Amino acid sequence: MPTLQIVIASTRPGRVGLPVGRWIEETARAHGGFDVEVTDLAELALPMMDEPHHPRLRRYEHDHTQAWSARVDAADAFVLVFPEYNHSYTAPLKNALDYLYGEWAHKPVGLVSYGGVSAGTRAAQQLKPVLTALSMTPLVPAVAIPFVWQHLQDGTFVPDDTLTGSAGAMLDELVRVEAALRSLRATV
Ligand SMILES: Cc1cc2nc3c(=O)[nH]c(=O)nc-3n(C[C@H](O)[C@H](O)[C@H](O)COP(=O)(O)O)c2cc1C
């Protein structure tokens, strides 16, 4: 079965990203299309980009980069869980993406964004050109959560039917696109 890597991209204490990420993880496990792994960027704790060489060369000098490279290499598909900060996505997410290059290529990515009235959609739109620069395929079906704090009950994320439906549609598409891109990955 292909491996899905879910990346939780907010790192501040008390972040909503953790309950949202747990909900997506449970949903993906119940969906059954992937073996599911989770990376919490707060736990990964990458320093600001400190590799001397372009990631295209894979001449990594630091253990933290080697470990991150291996984890991303092993994944066939991704779901990124991120809030909107000042109409964009988070700095730790950009840093984690920039660390690597070929490890991301020809892999599909589902976007789970959240925020206030915008539901993180401005952040998602800014993220897409970065993902395509890495030869990733961002999906059209996505999960966009407006007024995210209204879905929290005692620290747990409680989705409504719309969000549950969006998550299912995104995961279904992730299965289809992952299978379609597999031949491209085989030729790299
Ligand atoms: C630095 C910062 C900037 C923010 N900017 C936006 C924004 O541009 N649009 C928005 O909808 N919400 C914004 N918010 C509110 C966040 O959507 C809300 O705080 C959310 O819980 C942040 O995700 P997190 O808890 O996982 O960090 C911002 C929050 C922070 C901390």
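Both ligands and their constituent atoms are indexed starting at 1 by order of listing. Below, all heavy atoms of this structure are taken into account, side chains as well, without hydrogens, waters or symmetry copies. Numbers for residues simply follow the sequence, beginning at 1. Not measured: the values here are computed from a predicted model.
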Which atom names give the shortest non-hydrogen contact between H62 and E51, and what distance separates them? N-OE2, 3.1 Å
Name all residues meeting the salt bridge (charged side-chain N to carboxylate O under 4.0 Å, His left out) criterion together with D35; count only those two or more places apart in sequence or in a different chain, and write none if there are none. none
For R12, all residues meeting salt bridge (charged side-chain N to carboxylate O under 4.0 Å, His left out), sequence neighbours excluded: none
Those residues at least two apart in sequence (or on a different chain) that pass side-chain contact (heavy atoms from CB on, under 4.5 Å) with T27 are W23, A167, L171
Chain-and-number sorted residues having a heavy-atom contact under 4.0 Å with ligand 1 are S10, R12, R15, V16, G17, P83, E84, Y85, N86, H87, Y114, G115, G116, S118, R122
Is it the case that the side chains of E37 and T3 hold a donor-acceptor pair, with the cut-off being a distance below 3.5 Å and no angle test? no
M170 side, atom CE; H31 side, atom NE2 - distance, nearest 0.5 Å: 9.0 Å
